[in-house]
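Note that the structure is predicted; figures quoted are calculated from it, not measured.
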Amino acid sequence: MFGDHWYNESTRRMVSVFGSLFSNISVKKYNSAGDELQTTKVPLAYGPRQKFLARMSDLTDTKMAIKLPRMSFEIVDMTYDGAARINKTKVYAKVDPNDPKNRKSLGAPAVYKVGFELNIMAKAQDEALQILEQILPVFQPDFTVTIKDIPDLDLTSDVPIVLTGVTLNDEYEGDFLSRRAVIYTLTFETRIRYYRGIQDRGIIEKTEVYYLDSESRENIEVQKVDGTTVPYTETIDFFNEP
């Protein structure tokens, strides 16, 4: 129904870019004199926070239990963005460098609003706040990244990632066997452009345009353009009067 198979990795590319923004965050511990004791890089993984909290609560095998702090992120919703709709007649094209007589073309994309959720999980409030304060100043409230939408066509776009909210949740309920988890959840909104598959199109090398008399409907002249020559040639032939 939709033609040949295509896959432009648009969602995967955005997930990778979003995760890379938070891949270099660390927390530090100090002694009472203010001397630095330890620096820990915060692990980051894609997935729902419930999965990581379940592994954190696994007391049967302490080696398998997840250590905090850590972060997780995931896509939580996708909706079509009618306000960002691009004219369907728009075409992106690029001449194939290996075959000048052929060009690759691509139609207008469908734009979707995509919601991301980033979860900061820590044992202590100070650790969570260290992570949070390395993120909040960057988003005011957005941070713009450049995405290579279609690398084969050198097609890029500047995409803002907007921080829409921050919530706090303390999973500690007072049980002595339970491990405390301070969780900050940050919600973001961005946009992904979804394109169809790249099509190979031939280049028009020669054209002929005939001009007709508006009354007699007979040919008056013909204009010919030949693009196979360098430079291209253009000729106009006049028809004899009847």
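Contacts of D126 classified as side chain to side chain donor-acceptor pair (under 3.5 Å), with partners at least two apart in sequence or in another chain: Q130. Residues meeting the salt bridge (Lys or Arg N to Asp or Glu O under 4.0 Å) test with R193, sequence neighbours left out: none. Applying the salt bridge (Lys or Arg N to Asp or Glu O under 4.0 Å) criterion to E117, with sequence neighbours excluded, gives no partner residue. Y184 pairs by the ring pair (Phe, Tyr, Trp, His ring centres under 6.0 Å) definition with nothing, not counting sequence neighbours. A search for salt bridge (Lys or Arg N to Asp or Glu O under 4.0 Å) contacts involving E36 returns K28, not counting sequence neighbours. Contacts of P48 classified as side-chain contact (heavy atoms from CB on, under 4.5 Å), with partners at least two apart in sequence or in another chain: Q50, K51, E74. Residues that satisfy the salt bridge (Lys or Arg N to Asp or Glu O under 4.0 Å) test with D35, not counting sequence neighbours, are absent from this structure. Not counting sequence neighbours, the partners of E208 by the side chain to side chain donor-acceptor pair (under 3.5 Å) test are Y210.
Pairs of residues two or more places apart, or lying in two chains, that qualify as side-chain hydrogen bond (donor to acceptor under 3.5 Å, both in side chains) and include a residue from residues 135-151 are T146-D158, D149-S157. Sorted by first and then second residue, the side-chain hydrogen bond (donor to acceptor under 3.5 Å, both in side chains) pairs involving residues 10-26 (not counting sequence neighbours) are T11-Y194. Counting only residues at least two apart or in different chains, ring pair (Phe, Tyr, Trp, His ring centres under 6.0 Å) contacts with residues 23-44 are absent.
Put simply, the residue from L186, T164, V15 that forms a side-chain contact (heavy atoms from CB on, under 4.5 Å) with F116 is V15.
Looking at V166 and L132, their side chains come closer than 4.5 Å, going by heavy atoms from C-beta outward. With contacts defined as side-chain heavy-atom distances shorter than 4.5 Å, the pair V225/V209 does not qualify. No side-chain heavy atom of L21 sits under 4.5 Å from any side-chain heavy atom of V138. Counting heavy atoms from C-beta outward, T185 and N169 have side chains that stay 4.5 Å or more apart. The shortest distance between side-chain heavy atoms of V159 and V17 does not fall below 4.5 Å. Two residues are said to be in side-chain contact when any heavy atoms from C-beta on lie closer than 4.5 Å; T187 and T167 fail this criterion.
Between A122 and L68, the closest heavy-atom pair is C-CD1, 3.8 Å. Nearest heavy-atom pair, M121 versus I183, reported as atom, atom and distance to 0.1 Å: CG-CG1, 3.9 Å.
Taking CG of N8 as the reference point, atom CG of L153 lies at 9.0 Å (rounded to 0.5 Å). With rounding to the nearest 0.5 Å, the separation of CG in L129 from CD1 in I120 is 9.0 Å. Separating the CG atom in L163 from the CZ atom in F143 is a distance of 13.0 Å, to the nearest 0.5 Å. In this structure, CG in N119 is found 10.5 Å from CG in L44, a value given to the nearest 0.5 Å. Rounding to the nearest 0.5 angstrom, the gap separating the CZ atom in F18 from the CG atom in L118 is 5.5 Å. Atom-to-atom distance recorded for I25:CD1 and M71:CE is 4.0 Å, nearest 0.5 angstrom.
In this structure, Y112 places its OH atom where only 12 or fewer heavy-atom neighbours from other residues, nucleotides or ligands lie under 6.0 Å away.
Taken together through direct or relayed side-chain contacts under 4.5 Å among Ile, Leu, Val, Met, Phe, Trp and Tyr, L136 and L168 form part of one hydrophobic cluster.
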For V114 and M14, what are the C-alpha separation, side-chain angles and deciding distance, and is it a side-chain contact (heavy atoms from CB on, under 4.5 Å)? CA-CA 10 Å; V114 180; M14 175 56 75; 5.9 Å; no
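When ring centroids are compared, F188 and F73 stay outside the 6.0 Å threshold.
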Would you list the atom pairs, donor with acceptor, under 3.5 Å between side chains in residues 76-84 and any protein atom, with sequence neighbours excluded?
{"unit_1": "D81", "atom_1": "OD1", "unit_2": "A83", "atom_2": "N", "d": "3.3"}
{"unit_1": "D81", "atom_1": "OD2", "unit_2": "R191", "atom_2": "NE", "d": "2.5"}
{"unit_1": "D81", "atom_1": "OD2", "unit_2": "R191", "atom_2": "NH2", "d": "3.3"}

